[in-house]
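First comes the structure, then the notes that go with it.
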Amino acid sequence: MTAEAPQTMGFQTEAKRLLHLMIHSLYSNREIFLRELISNASDAIDKHRFAVIADSSLGTGVGDYRIRVEADSEAKTITIDDNGIGMSRDEVVDNLGTIAKSGTAAFMEQLSGDQKADSQLIGQFGVGFYSSFIVADRVVVVTRKAGEEAATQWESAGEDEFTISESSRSCAGTTITLHLKEDAEEFADSWRVRSVIKKYSDHISVPVLMPEPPAPAEDDEGADDVPAEPDWQAVNEAKALWTRSRSEISDEEYQAFYKHISHDFEDALSWSHNAVEGKLEYTSLLYLPQRAPFDLWQREGVRGLKLYVQRTFIMDEAEQFLPMYLRFVKGVLDSSDLPLNVSRELLQQNQQVDAIRGALTKRVLDMLSKMANKQPEDYIRFWDTFGAVLKEGPAEDFTNREKIADLLRFATTRDDEASQRISLKQYVEAMKDDQQSIYYVVAENHATAKNSPHIEALRKQGVEVLLLSDRVDEWLMSHLAEYDGKTLRDCAKGEWDESADDEDTKKALEAAEKASESLIERMQGVLSDRVSGIRPTIRLTSSPACLTVAEHEMGAQMRRIMEAAGQEMPETKPTMEINVEHPLLQRLDQESDEDRFADLARILLDQAVLAEGSVLEDPASYVARLNKLLVEMSSA
């Protein structure tokens, strides 16, 4: 039996079903159709500009380029008219009769490198025209190609066929009339159409005109019933501020544009305007606000830049271009190199997006660094508003960790003020010659941090300590780890003798351990259910006791935050450190009554819990023991 020879066969498509899928699956937002049709009109006008350069006769009688949009509430139609390049009969069949045939893409292939750079063409996929059928049950196109006298009419109901016929048109260009479906009659309202144009096509270079609303009719008996020619009014700005040179834009214009895109009533604190050419081509205009938005702490909330492609609005919250810790930045990004999906509503993740994200992140950090160095008062205003958000950076962005670290500001024991004004660079510059670490303490609030028993010895030695009380601080420090070769050390973690290298300190600690052996043994017997161990320490000078955790364990503040968020936390016991030189410990060591000894030991432990800002598990028992002690003291 002879084997059948292999055959190469083409895919079969049913045009009606394909159109239905395109119309109802590609676009999630109905109003997108107007953006697509205006973009097509803009491309047609741009093609005409290029054609006139090659053949000046094509520009005769054209006048100013414009796009006209007219909504007819009585006829339930919307019409888009341009005076661009137009199409011949063959081009109508080729472009409108072939799904996903992009005339713009084909035109771009014919341009030289310089011409491509100068072009303002928007279309990419050749499907935008068919978005008309989202809202229309019949579409009529009348078009005339520049340099030709004949016009062509194309008509379709969005099914599997279309009709071509001869028509007439006074000048080159294209007119598209959409006969709206019953459920899309909102687009026959001129105010609704205006709002869509302002949203999506406000910054394209061609004026988009609509008839001015009619003035109230006057009761003149001799009034002519013939409707007057409408006065056409520009709806869009017809200019994109970010496409202009920085030298041409005043500060007032920058501020006005910021208020336009952010809906903020205050001026921006600073901005950065940048055009990039080369492997990637894009323009960015980024703003730093003065005031925090109400949803700043809702990480899942709306954020991101406004994304444009050749001045046509694509996306309102393009969050892919800046990391979460820079979610307060407002601005626009305009690029034609981005990988959009076919409906131009979604952005696909790839190396281009990652490269732009990295560049924009660096630009924002550089803007902040410049402000910190040259406008310190403005940076203080920024830090007081957004500093806690910027502290999320080292955990989320390892690449820029050092840049972010230079921007951080902290409260310290230098002045004990709650305001965060000291940078890590200033801390390192003021360090003692023999100091190897940057010390910090984390607490629920500034007062607790300032009065923490864990930093008493450092205060006595004149060593500066960072006072951290923001909820994000412990998370920040766990990812920062070091700065300028100096390790960051939590004063409430680990054994303090690890940093005690001098002989006097070692001898003092050994003497304290020897003198307190019996006391520690007795206290351990009473408190073993609440602490993992008890040891003498030299970190305390005026307090009798404090609590510490192991070097790599979660601190008390972070533990409280996690528990408040409903996280199950493993059972851990802190270590109790005691100051054996303190009068209370010496009195406790001399106590012979074991019940009284137990009460005093528990009171010391409860005081240590309170001193670190934690909450007692059984505050009533603490109060009872303390009252009992006060009664005994008063009757003695």
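We're numbering straight along the sequence, starting at 1. As a basis for the values below, the full set of heavy atoms in this structure was taken, side chains included, without hydrogen atoms, waters or symmetry mates.
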Note to self: Apply salt bridge (charged side-chain N to carboxylate O under 4.0 Å, His left out) to residues Arg192 and Glu31 and explain how you reach the verdict.
What the structure shows: CA-CA 10 Å; Arg192 176 75 171 97; Glu31 61 189 24; 3.0 Å; yes
State whether the side chain of [X] and the backbone N or O of [Y] hold a donor-acceptor pair below 3.5 Å, judged by distance alone.
X      : Y      : answer
Asn400 : Lys403 : no
Tyr379 : Leu407 : yes
Asp64  : Pro207 : no
Asn373 : Ser369 : yes
Thr152 : Val92  : no
Glu155 : Val141 : no
Tyr130 : Leu96  : yes
Thr361 : Arg357 : yes
Ser56  : Val52  : no
His273 : Trp242 : yes

Does atom [atom1] of [X] have more than 12 heavy-atom neighbours, drawn from other residues, nucleotides or ligands, at distances under 6.0 Å?
X      : atom1 : value
Lys370 : NZ    : no
Arg291 : CZ    : no
Lys362 : NZ    : no

Closest heavy-atom contact between [X] and [Y]?
X      : Y      : answer
Pro211 : Glu70  : CG-CG, 3.9 Å
Ala268 : Gln255 : N-OE1, 2.7 Å
Val139 : Ala136 : CG2-CB, 4.0 Å
Leu269 : Pro289 : CB-O, 3.9 Å
Val193 : Ala71  : CG2-CB, 4.1 Å
Leu305 : Lys330 : CD2-C, 4.0 Å

Check: Please walk me through it: do Tyr282 and Asp334 pass side-chain hydrogen bond (donor to acceptor under 3.5 Å, both in side chains)?
Finding: CA-CA 6 Å; Tyr282 63 88; Asp334 192 335; over 6 Å; no
Heavy-atom side-chain contact between [X] and [Y] under 4.5 Å:
X      : Y      : answer
Arg363 : Asn274 : yes
Asp378 : Arg381 : yes
Gln153 : Val140 : yes
Leu288 : Val329 : yes

Check: [X] ring centroid to [Y] ring centroid under 6.0 Å:
X      : Y      : answer
Phe129 : Trp154 : yes
Trp271 : Tyr258 : no
Phe33  : Phe133 : no
Tyr254 : Phe257 : no

Any luck finding a side-chain donor-acceptor pair between [X] and [Y] under 3.5 Å?
X      : Y      : value
Asp43  : Asn40  : no
Ser57  : Asp55  : yes
Arg169 : Thr175 : yes

Checklist line | Sidechain N-carboxylate O distance under 4.0 Å for Asp81, Arg66 | finding: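 Looking at Arg66 together with Asp81, the answer is yes, because their closest N to O distance falls below 4.0 Å.
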Checklist line | Asp189 and Arg194 ion-paired at < 4.0 Å | finding: no
Next item on the list: Give the C-alpha distance, both sets of side-chain angles, the deciding distance and a yes or no for side-chain contact (heavy atoms from CB on, under 4.5 Å) between Arg327 and Val389.
Entry: CA-CA 8 Å; Arg327 58 185 177 272; Val389 182; 3.7 Å; yes
Next item on the list: Tell me, with the steps shown, if Tyr287 and Phe328 meet ring-ring contact (aromatic ring centres under 6.0 Å, His included).
Entry: CA-CA 9 Å; Tyr287 289 93; Phe328 49 81; over 10 Å; no
Item checked: Evaluation steps, side-chain contact (heavy atoms from CB on, under 4.5 Å), between Glu281 and Ser335 -> CA-CA 6 Å; Glu281 295 188 3; Ser335 174; 5.9 Å; no
Note to self: Tell me every residue that passes side chain to side chain donor-acceptor pair (under 3.5 Å) with Thr163, counting only those two or more places apart in sequence or in another chain.
What the structure shows: none
What distance separates [X] [atom1] from [Y] [atom2], expressed to the nearest 0.5 Å?
X      : Y      : atom1 : atom2 : result
Phe321 : Leu286 : CZ    : CG    : 11.5 Å
Arg138 : Leu180 : CZ    : CG    : 11.5 Å
Leu326 : Leu360 : CG    : CG    : 10.0 Å
Glu253 : His260 : CD    : NE2   : 13.5 Å
Tyr308 : Ser201 : OH    : OG    : 9.5 Å
Ile38  : Ile204 : CD1   : CD1   : 6.0 Å

Item checked: salt bridge (charged side-chain N to carboxylate O under 4.0 Å, His left out) assessment of Asp46 paired with Arg49 -> CA-CA 5 Å; Asp46 212 21; Arg49 285 196 183 105; 3.4 Å; yes
Notebook entry, point to check: Step by step, would you call Asn236 with Met210 a side-chain contact (heavy atoms from CB on, under 4.5 Å)?
Noted result: CA-CA 10 Å; Asn236 65 328; Met210 288 190 71; over 6 Å; no
Next item on the list: Let me know which of Lys145, Lys47, Arg144 forms a salt bridge (charged side-chain N to carboxylate O under 4.0 Å, His left out) with Glu91.
Entry: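 That would be Lys145; it is the only one of Lys145, Lys47, Arg144 passing the salt bridge (charged side-chain N to carboxylate O under 4.0 Å, His left out) with Glu91.
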Notebook entry, point to check: Are Val276 and Thr283 close enough, and set up right, to give a side-chain contact (heavy atoms from CB on, under 4.5 Å), and what steps lead you there?
Noted result: CA-CA 6 Å; Val276 174; Thr283 301; over 6 Å; no
Note to self: Using the rule given for salt bridge (charged side-chain N to carboxylate O under 4.0 Å, His left out), can you reason through Asp137 versus Lys76, listing the C-alpha separation, both sets of side-chain angles and the distance that settles it, and then say yes or no?
What the structure shows: CA-CA 11 Å; Asp137 53 21; Lys76 301 295 186 289; over 6 Å; no
Next item on the list: Check the pair Glu166, Arg89 against salt bridge (charged side-chain N to carboxylate O under 4.0 Å, His left out), reporting the backbone distance first and the verdict last.
Entry: CA-CA 9 Å; Glu166 290 186 5; Arg89 181 186 177 91; 5.9 Å; no
